[in-house]
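One structure is given below, encoded as structure tokens.
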Amino acid sequence: MKDLKGRSLVSITDYNREEIIHILDMAEDFEKNQRQQILGGHVIASLFFEPSTRTRLSFESAVQYLGGSIIGFASADTTSVRKGESLKDTILTVSNYSDLIVMRNPTDGSARYASEVSPVPIINAGDGANQHPTQCLLDLYSIRKTQGSLDNIHIAMIGDLKYGRTVHSLVQALSLFGATFHFVSPESLKMPSAVKTWVKKAGLEYHQYTDIMDIMPIADILYMTRIQGERFPDPLEYEKVKNSYILENSMLETSKDSMRVLHPLPRVNEITEDVDDNPKAYYFQQAKNGVYVRQAILAAILGLK
Amino acid sequence: MDKKRKELKVSAIRNGTVIDHIPTEKSFQVINMLNLNESNHQIYFGTGLESKKFGKKGIIKISDKYFADEEISKIALVAPSATLIEIFDYEVRKKESVHLPERVEKIVRCFNPKCVTNIQDVPTNFSVINDHKGQMKLACHYCEKTMAKENIDFF
């Protein structure tokens, strides 16, 4: 394993299997012992060019549990970006004030570019529709924690598989662990061929469905995503399918006892609230795991663990 | 067809480059892509010529012009079957098939309008890959989208 110290985390593919396991092991340690003042004297910059609830707050929480300081902004409106400053200039400036930059930016590929111009490491907290590797790592952490292992699980991904960046990264990462994939979506939001190519090249299997109930007895993990009406070229088609991918408590009856429901959140109506009390619902715990995982990533990149 | 008549189809050049074995329907695209329509060099070209390998082919001869690697990459992207022949004083000095490079830098636009290379001043950079059907595609180093051949747009 190459040292993670000083390396930017832009895409989940920047980490190999061993490095992913290393981060998850560290996160497990932070879950047992969350308050460790190892980041004292370090300054983390948090540059959120577009809104976020969970990612921004859980990063800030992670920094503070570790005793570090955080500077930054939660919207580009109050910064020189409004005056037309380039991303390069913003990054070069902020790198003078911090040891590491956490960045969310609406432009696809902006994080890779930032990592190339920045003298300090960049953690990508979401670059447009492209990558969100810390979400992927917390999803992996949640899967390993609930299933005991990441190896050979049956994962069902449901909803918008065409545009959902979290499912694409998760397929890439789970391909390193020998998963079987079950893709459930309306015809027009099927998994893109580039992602399916990835699965095939890894020598793994995927199956495609349109009915969510088909995968209920098979799945170890139900990974739900939101279907957005504006994604459909034909509004009539949206009307036809919009209720087919809503998970209700009664639908979980035929699922395995060990099955868990994950969702990157925010949810709108794709999981009804009666699911929340079912012990198979894991999405809020999943969001909590995000803090441990982000503590691990910060500590690893700053070389403090 | 005898040898003499075949040679007459497109005139010989004294010095320069011949691009042979271009798929006939790509001939004009190669001309445009290399900006040969704006060049001061003497250019001869033919399309719809008979070819044992392809059925029909295009050929372009450019006097006093030798291509740089960047231009050869462009030719390989549009016409991967093409052969490049360098001529010195009517003699063939070098003849080789064009090869797809591993990376394509700065010469192609990313088709994703939200890609950082279309928004900030960032040079494009792609790796050349094959999809599961064996089709050549370009994968953007920045936005990670893969672009099919028909979406390739040169600067």
Side-chain angles (χ1 to χ4, degrees), chain A residues 8 10-14 49-50 76 81 84-92 103-118 122 124 126-133 136 162-163 165 168-169 171-172 175 191-206, chain B residues 23 26 33 69-70 73-74 76-81 99-155:
Chain A
S8 292
V10 172
S11 166
I12 191 63
T13 54
D14 293 345
F49 293 81
E50 63 172 5
V81 175
E85 183 173 61
S86 71
L87 179 62
K88 182 181 174 183
D89 289 5
T90 305
I91 294 293
L92 287 176
M103 180 179 88
R104 167 166 293 189
N105 189 290
T107 302
D108 300 352
S110 53
R112 180 70 63 200
Y113 175 58
S115 76
E116 289 172 350
V117 298
S118 173
I122 300 282
N124 181 9
D127 61 325
N130 185 31
Q131 285 275 347
H132 191 0
C136 186
K162 187 172 181 185
Y163 299 100
R165 67 182 170 190
H168 301 164
S169 309
V171 169
Q172 291 180 319
S175 291
M191 196 57 99
S193 64
V195 179
K196 290 189 280 198
T197 300
W198 191 283
V199 175
K200 272 197 169 173
K201 279 191 175 163
L204 300 174
E205 273 179 48
Y206 66 84
Chain B
K26 301 283 185 190
M33 175 190 78
D69 288 350
E70 198 176 87
S73 295
K74 280 187 174 181
L77 285 173
V78 174
S81 59
H99 291 291
L100 276 173
E102 284 179 16
R103 302 206 75 84
V104 174
E105 292 170 19
K106 299 176 189 169
I107 57 174
V108 173
R109 243 180 226 108
C110 183
F111 80 129
N112 171 12
K114 283 188 66 199
C115 178
V116 70
T117 58
N118 287 316
I119 292 171
Q120 303 269 329
D121 185 16
V122 182
T124 62
N125 186 340
F126 301 87
S127 54
V128 180
I129 58 163
N130 285 314
D131 71 3
H132 64 284
K133 290 177 190 154
Q135 299 289 314
M136 188 275 289
K137 292 198 166 171
L138 297 184
C140 177
H141 168 67
Y142 291 101
C143 75
E144 303 185 21
K145 296 268 182 298
T146 55
M147 178 161 72
K149 216 173 161 184
E150 53 272 22
N151 290 323
I152 291 178
D153 179 17
F154 294 97
F155 283 113

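Keep in mind that what you see is a predicted model, and the values were worked out from it rather than measured.
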- Pair Thr90(A)-Glu85(A), side-chain donor/acceptor within less than 3.5 Å: yes
- Is chain A contacted by the side chain of Asn125(B), its backbone, both, or neither, given a heavy-atom distance below 4.5 Å? neither
- Message: I need the residue from Thr117(B), Asp121(B), Thr146(B), Val122(B) with the largest number of non-hydrogen atom pairs under 4.5 Å to chain A.
- Response: Val122(B)
- Would Val171(A) and Lys196(A) count as a side-chain contact (heavy atoms from CB on, under 4.5 Å) if you check the C-alpha gap in whole Å, the side-chain angles of each, and the deciding distance to 0.1 Å? CA-CA 9 Å; Val171(A) 169; Lys196(A) 290 189 280 198; over 6 Å; no
- Are Asp127(A) and Arg165(A) ion-paired here, with the side-chain N under 4.0 Å from a carboxylate O? no
- Could you please spell out the steps behind the side-chain contact (heavy atoms from CB on, under 4.5 Å) verdict for Val199(A) and Met191(A)? CA-CA 11 Å; Val199(A) 175; Met191(A) 196 57 99; over 6 Å; no
- Item | Atom group of Pro106(A) that falls short of 4.5 Å from chain B, counting heavy atoms | backbone
- Query: Under a 4.5 Å heavy-atom cutoff, which of Pro192(A), Ala111(A), Ser11(A), Ala129(A) has the most pairs with chain B?
  - Reply: Ser11(A)
